Amino acid sequence: MWWKIALMWVALWLPFSAHAEEWRFALEELSGSVQDQYAQEFKRRIEAKTNGEVTVTIYPVGTLGTAEDVIELVAIGAIKFAHASPGNLGTMIPETQVFLVPYLLSQDNSVNKALFKDSKVIYGQLGNAYAAKGLQLLAMYPEGEMVWTTNRLIRTPEDFQNFKMRVMTSPMLIQSYQDFGASPTPLPFGEVYGGLQLGQIDGQENPVFAIEEMKFYEVQSHMIWPGHQQFTTSVVANNVWFDAQPEARKTLIRETMQELTEYIFPVQQAFAEQRLATIRERNPELQRVELNAAERAAFRKASMKTREAFVAMTGEAGQAVLSGLIAEIAALEAAMDANGGTLPPQ
Ligand code: 6CS
C-alpha cells in the first residue's frame with residue numbers, strides 16, 4: 001500500500017517540479033564580487049517569496065561569454081536577467097554613458113542612494129532608451145568608488161602624458177581619459193591583469209573590491225583616489241519576457257530590486273574596506289595616494305570637455321538625461337542641507 005501512496009505523491013508533484021521556472025541571471029564579475037552578492041540575495045528573496053515556484057541560477061562572467069555577449073543574450077531572450085554596466089553598454093545605449101561622466105554623482109552616498117532608488121530620469125528617460133534595445137532597466141546602483149592603479153605616480157593631467165590607461169569599451173571612457181591627458185586603451189576585463197603584467201598598459205581604474213579580486217595590486221606600484229566617479233552598474237531583464245509577466249510578478253521583481261538597492265549600499269562599502277585591508281597585507285609596498293582638493297579640481301576642470309563630448313555624442317536625448325540628473329542630484333543635496341545634513345524621509 002505504501003508504495004501506491006508514494007507513487008501517487010510523485011505523480012502529483014512531478015508536473016509542478018518540471019514546471020518550476022528557472023530565471024538565469026548573468027554577471028559581469030566573478031563569484032564573490034559585489035554583483036554576485038547582489039544576485040545571491042536576489043535569488044534568496046525571490047525563491048522564498050515564490051515558495052520555490054521560481055529558481056534563480058547565477059552565471060559568473062566567463063561562463064556565458066564576455067559582458068557584451070551576455071547583454072546580447074538578454075536582449076534576444078536566451079537569459080532573463082543580467083548586470084549590464086554603462087562601461088560595457090556605451091555602444092548599444094549611448095545615453096547610459098552619462099554615468100561615465102567624471103564628477104557627476106554626489107560625493108555623499110546617501111544622496112546617490114536616494115537617486116538610484118527613485119530617479120525619474122533613470123527609470124523614465126533612460127529606461128526608455130534601454131527598452132528600445134529590448135532591455136528592461138530594473139535597477140541601478142554603484143559598486144564603489146573608482147580607484148586608479150598605476151605603474152607611476154599620477155597627480156596632474158600632465159602626469160598622464162604617454163600613459164596607457166586601460167578602459168572598458170564604452171566610447172565615453174576613451175573620451176574621458178583623452179581629456180585627462182592619458183592614452184586610453186580599451187580592453188576586456190579578463191585581459192587586464194596580463195596587459196599590466198606585460199606592460200601593454202600602464203594602469204587601469206576599478207573599485208577596490210575588483211582590484212583585489214582580479215589581483216591588479218600584484219602588478220602595480222600605486223593606488224590613487226581621484227574622487228571622480230563611482231562604478232555604476234545596471235540590472236536588466238529581457239523586455240518582451242518582462243512585459244508578458246502577470247502584474248503580480250512585475251511588482252514582485254520591482255519591489256525586490258528596490259529592497260536590494262537598500263541592501264547593497266552597506267555591502268559594497270564593507271567590501272571596499274575589507275578588500276583594501278587584504279591588498280595592504282598582500283602588497284605592503286603599494287603606494288596609496290589620495291589626491292587633494294586642488295589636484296581633484298584640475299581633473300574636474302579637464303572633465304568639463306567630456307560633458308560637452310557626451311552631449312555631442314548623444315544629442316538632445318543625452319542632454320536631457322545629463323541636465324535632468326544634475327538637477328535631481330542638486331535637489332537632493334539641497335534637501336539634505338536644509339535638513340541639517342541628513343536626507344528627510346521620502
Ligand atoms: O573593469 C571592468 O571591465 C569590470 N569592472 C567591474 C567592477 N565590473 C564589471 C566590469 O566589466
Side-chain angles (χ1 to χ4, degrees), residues 25-40 58-74 81-93 96-97 99-100 102 105 112 116 139-150 164-174 176-177 182 184-197 200-217 219-220 223-226 228-236 264-265 267-272 274-276 278-279:
F25 192 158
L27 313 179
E28 298 170 316
E29 297 167 3
L30 302 174
S31 300
S33 62
V34 171
Q35 290 186 2
D36 182 45
Q37 189 78 18
Y38 183 101
Q40 297 289 354
I58 298 166
Y59 294 88
V61 69
T63 50
L64 297 175
T66 63
E68 279 91 349
D69 296 335
V70 160
I71 296 166
E72 292 294 335
L73 288 176
V74 180
F81 295 90
H83 274 89
S85 301
N88 290 320
L89 264 183
T91 324
M92 191 184 199
I93 307 172
T96 196
Q97 298 178 102
F99 291 103
L100 306 175
L105 289 178
N112 296 331
F116 285 115
M140 277 198 128
Y141 69 91
E143 294 187 44
E145 185 176 350
M146 282 297 226
V147 179
W148 295 333
T149 66
T150 59
K164 291 190 281 326
M165 186 69 168
R166 178 269 171 171
V167 290
M168 292 164 73
T169 52
S170 283
M172 270 302 294
L173 287 169
I174 298 172
S176 155
Y177 277 90
T185 312
L187 262 191
F189 200 29
E191 291 173 31
V192 179
Y193 184 93
L196 293 170
Q197 195 177 35
Q200 289 162 341
I201 44 176
D202 299 308
Q204 65 83 43
E205 62 169 357
N206 252 305
V208 172
F209 87 85
I211 294 169
E212 192 275 329
E213 180 179 276
M214 302 299 281
K215 303 202 181 325
F216 300 148
Y217 63 87
V219 285
Q220 297 272 259
M223 271 179 93
I224 302 168
W225 278 256
H228 66 310
Q229 214 159 58
Q230 298 274 331
F231 182 95
T232 302
T233 193
S234 57
V235 184
V236 296
I264 203 69
F265 265 76
V267 169
Q268 53 92 15
Q269 184 61 40
F271 268 46
Q274 290 154 7
R275 306 284 175 99
L276 185 59
T278 307
I279 293 174

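Start at 1 and go down the list; that is how both ligands and their atoms are numbered. The structure presented is a predicted model; accordingly, all values stated were derived computationally and were not measured.
Using a 4.0 Å cut-off between heavy atoms, Asn206 contacts ligand 1 through its side chain alone, with no backbone atom that close.
Glu28 and Asn88 are linked by a side-chain donor-acceptor pair at a separation below 3.5 angstrom, with hydrogens and angles left out of the test. Counting only N and O atoms by type, the side chains of Asp36 and Ser33 include no donor and acceptor under 3.5 Å apart.
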*Yes or no on side-chain contact (heavy atoms from CB on, under 4.5 Å) for Val267 and Val34, after CA distance, side-chain angles and deciding distance?*
CA-CA 8 Å; Val267 169; Val34 171; 5.6 Å; no
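Contact between Arg166 and ligand 1 is present, with at least one heavy atom of the residue lying under 4.0 Å from the ligand. The closest approach between any non-hydrogen atom of Ser85 and ligand 1 is not below 4.0 Å.
Ring planes of Tyr177 and Trp148: perpendicular class, angle over 60° (limits at 30 and 60°). Note: Phe25 and His83 have parallel aromatic rings, judged against thresholds of 30 and 60 degrees for the angle between ring planes.
Within the 3.5 Å criterion, the main-chain N or O of Leu100 finds a donor-acceptor partner in the side chain of Gln229.
Between Gln35 and ligand 1, no N or O atom pair is found at a separation short of 3.5 Å. Geometrically, ligand 1 and Asn88 share a nitrogen or oxygen pair separated by less than 3.5 Å. For ligand 1, the polar-atom distance check against Glu143 finds no nitrogen or oxygen pair separated by under 3.5 Å.
Those atoms of ligand 1 with a heavy atom of Glu28 less than 4.0 angstrom away are 9 (C). Below 4.0 Å from some heavy atom of Glu29 lie the following atoms of ligand 1, by number and element: 6 (C), 7 (C), 8 (N), 9 (C). Close approach of ligand 1 to Pro207 is summarised as follows: ligand atoms under 4.0 Å from at least one heavy atom of the residue are 7 (C).
At the shortest separation from atom 2 (C) of ligand 1 among protein heavy atoms lies Phe189 CD1, 3.2 Å. Scanning the protein for heavy atoms near atom 10 (C) of ligand 1, the closest one is Met168 CE, 3.6 Å.
The ring-ring contact (aromatic ring centres under 6.0 Å, His included) test with Tyr141 singles out one residue from Phe231, Tyr38, Phe99, and that residue is Tyr38.
Note that CE of Met140 is 7.5 Å distant from OG1 of Thr233, once rounded to the nearest 0.5 Å.
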